[in-house]
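Okay, structure first, notes after.
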Number of protein chains: 2
Amino acid sequence: MSAARAAHPQGDPDRAGLPDAVLRPVRGHHAFEACVEQLATAIRLGVYPRGTTLPPERELAARLQVSRATLREAMAALRQAGLVATTRGRGGGTVVTLEPRTPSARRAARTDPATRRDRLDALEFRRVVEPGAAALAAGVPLDDAARAQLEEAHDAVRSATRPADHRQADSRFHLTVATLTGSPRMVEAVTSVQATLHEMLLAIPVLPTNIAHSDRQHAAVVRAILAGKADHARRALEEHCDDTAALLRGLVG
Amino acid sequence: MSAARAAHPQGDPDRAGLPDAVLRPVRGHHAFEACVEQLATAIRLGVYPRGTTLPPERELAARLQVSRATLREAMAALRQAGLVATTRGRGGGTVVTLEPRTPSARRAARTDPATRRDRLDALEFRRVVEPGAAALAAGVPLDDAARAQLEEAHDAVRSATRPADHRQADSRFHLTVATLTGSPRMVEAVTSVQATLHEMLLAIPVLPTNIAHSDRQHAAVVRAILAGKADHARRALEEHCDDTAALLRGLVG
DNA sequence: GTCCAATGGTCTGAGTCCAGACCATTGACC
DNA sequence: GGTCAATGGTCTGGACTCAGACCATTGGAC
């Protein structure tokens, strides 16, 4: 065994960077917190828009793979935070009450270095995964339901009048594109990225010019995906990411 | 509140797909299992090659953000599985003893549908993230240490003689590329993909032709990254992914 | 040879999470 | 109007995890 030993500080020093990068914190220990986080994100991003009813507790618990007790703690937290309201009895359930937040510049508060790094990382990672998702979606045979879903998500963005609704519809649009790929990893990656992006976008005011610009890019993405032009789709979404990132990097820096 | 209610089965039926895709199981309940999983993966992929010593328990526990007690349970499992051996006292520690597995065709066993789906998903996702990582790495200013790290990882693949070593060196090479981007999300994505890929690649025999082909593609990737040619790097790695995937899809199907 | 720093090994009490059974309320359906 | 299925609310015993202090072993520094 002694011959096999290569102590870790000195042994293969050039490879020392890999372990640091690869080992990451194992899940946030509090299952309950993770549930709150995930549900709150889904609600804020508009996956469950205001007024819709969440699935029954038993179903949600099964989907998140936590006990119902834990899920209920999370629900209680969401209730307390004013995101949802609950009614009992048949036909009851938990309804989303959160009024979507309106983007505004007021919140350009000081962000700590860790948050800052994470946000820049999200922008970088997004530039890879979202265009990739679009290309993938364009390369997959889409049934009519999928095509309709994409167009509706797009229409929702265009027709949103209030900034808050526009913000949610935009998130939903990007998530929808990811969904079309049929790849769970892709959906997870885009969800994570959109959650961080959402925070950032709430901190800058909405300019009609930006919205129009962004809508044109969305349209190009939709066209390319529906036409099956993978390269076009990727390029269009890359531009979109670049422009959004340019808008946000100032804020983050 | 009644006006706000839109019951979840019927309300906005077109959007029904989003929640299903977005909500994912909150991480594995057993922190201990997650530790085993992550450490075993790191060891199998060659992040910690045979003979190297893992970081001290206290440090690992801090990095994985679990208590030392939990980490030790994981270590005990790895020890029992023969992946590592532990010695006490100063200069002691936990040493990797796992002899890397040799790829072989014997293991092309029946895979259940869930595994099959996950593997196909990994191939699809990989085709997006790894080329994206290469492009990103090419666009980032790399210091000398980083350039040397990349070249060494590449050399290790080329100079590996035994199939088992080649397999690990290949994983390390791809992880190294991801590391160069400096993006934690990217590293996590590539790690996850490589873990699944590794399983698959162990189940097919190693053909010298394939290795030579793959090495040429690796070389092209390295050249492009070092030259800062993002598009070339992406394209080269895309080809590599496509070729590997073609090799594997037969196995998975 | 002695000291002691670094490392793995052990213990304890408190907090969290789980599985599942059971209760309470409500409205859909007949 | 009565029934009952669907939904949220509650409880319990046991398993897992945590934080941190303390013990045991080893080899390097002097």
Side-chain angles (χ1 to χ4, degrees), chain A residues 1-3 5-11 25-39 52-80 83-97, chain B residues 1-11 25-39 48 52-80 83-97:
Chain A
M1 182 188 303
S2 57
R5 168 165 308 148
H8 89 96
Q10 51 277 56
V26 88
R27 68 101 192 271
H29 322 113
H30 297 299
F32 139 77
E33 275 178 13
C35 290
V36 171
E37 178 62 29
Q38 205 174 132
L39 289 169
T52 56
T53 299
L54 300 184
E57 291 178 351
R58 289 165 176 85
E59 193 182 320
L60 267 187
R63 185 167 317 176
L64 300 187
Q65 290 189 17
V66 296
S67 73
R68 205 179 140 220
T70 303
L71 179 84
R72 279 180 53 70
E73 277 187 66
M75 290 298 225
L78 295 177
R79 221 174 295 134
Q80 186 136 21
L83 275 71
V84 299
T86 300
T87 22
R88 301 216 279 186
R90 180 164 184 162
T94 301
V95 179
V96 175
T97 56
Chain B
M1 183 186 306
S2 58
R5 168 166 308 150
H8 90 96
Q10 53 276 55
V26 89
R27 269 320 231 167
H29 339 113
H30 297 304
F32 138 77
E33 276 178 12
C35 291
V36 172
E37 177 63 27
Q38 204 173 133
L39 290 169
Y48 293 103
T52 56
T53 300
L54 300 184
E57 292 178 350
R58 290 165 176 84
E59 194 183 319
L60 267 186
R63 184 168 316 176
L64 301 187
Q65 290 189 16
V66 295
S67 71
R68 206 179 139 218
T70 302
L71 179 83
R72 278 180 54 70
E73 278 188 64
M75 290 299 225
L78 295 177
R79 219 173 296 133
Q80 185 136 21
L83 274 72
V84 300
T86 299
T87 23
R88 301 216 277 187
R90 179 163 183 163
T94 302
V95 179
V96 175
T97 57

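In what follows, chains are A, B, ... by sequence order, proteins preceding strands, each numbered from 1.
Taking atom CD on B:E33 and atom C1' on C:dC17, their separation rounds to 14 Å, with Å as the unit. For the pair A:E57 CD and C:dT25 P, the computed distance is 16 Å after rounding to whole Å. Computed from coordinates, the A:L60 CG to D:dA6 P distance equals 17 Å when rounded to whole Å. Computed from coordinates, the B:L54 CG to C:dG8 C1' distance equals 13 Å when rounded to whole Å. Between B:E73 atom CD and C:dC11 atom C1' there is a gap of 14 Å when expressed in whole angstrom units. As rounded to whole Å, 11 Å separates atom C1' of D:dT7 from atom CE of A:M75. One can place CZ of B:R68 at 10 Å from C1' of D:dG20, the figure rounded to the nearest angstrom.
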Each base of DNA chain D marked ( ) or [ ] if paired in-strand (Watson-Crick or G-U under 3.5 Å), | if paired to another strand and . if unpaired gives ||||||||||||||||||||||||||||||
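Contact annotation: A:R79 side-chain N/O to D:dG9 OP1/OP2 distance is under 4.0 Å.
The minimum heavy-atom distance between B:A85 and B:R79, with the atom names listed, is CA-CG, 4.4 Å. Nearest approach of A:A77 to A:V36, heavy atoms of both residues: CB-CG2, 3.9 Å.
Toward the 5' end of DNA chain D, the nearer of the two residues B:R58 and B:A69, judged by each one's closest nucleotide, is B:A69. Projected onto DNA chain C by closest heavy-atom contact, A:R88 and A:L71 fall at different nucleotides, the more 5' of which corresponds to A:L71.
Just one residue in the list A:T70, A:L54, A:L83 forms a side-chain contact (heavy atoms from CB on, under 4.5 Å) with A:M75, and that residue is A:L54.
A:R88 is linked by a side-chain hydrogen bond (donor to acceptor under 3.5 Å, both in side chains) to nothing, counting only residues two or more places apart in sequence or in another chain. Residues passing the side-chain hydrogen bond (donor to acceptor under 3.5 Å, both in side chains) test with A:E73: none are found, sequence neighbours excluded. Checked against side-chain hydrogen bond (donor to acceptor under 3.5 Å, both in side chains), A:T97 has no partners two or more places apart in sequence or in another chain. The side chain to side chain contact (heavy atoms under 4.5 Å, CB included) test applied to B:R90 returns no partner, not counting sequence neighbours.
Atom CZ of A:R72 sits about 9.5 Å away from atom CZ of A:R58, to the nearest 0.5 Å. B:C35 SG to B:L64 CG: the interatomic distance, rounded to the nearest 0.5 Å, is 5.0 Å.
No donor-acceptor contact under 3.5 Å links the side chain of B:R72 to the base of C:dG9.
Distances from the side chain of A:T70 to the nucleotides C:dC17, D:dG8, D:dT17 place C:dC17 closest.
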Dump every N/O contact between nucleotides 3-6 of chain C and the protein below 3.5 Å, one line per pair.
from: C:dA6; atom 1: N3; to: B:R90; atom 2: N; distance (Å): 3.4

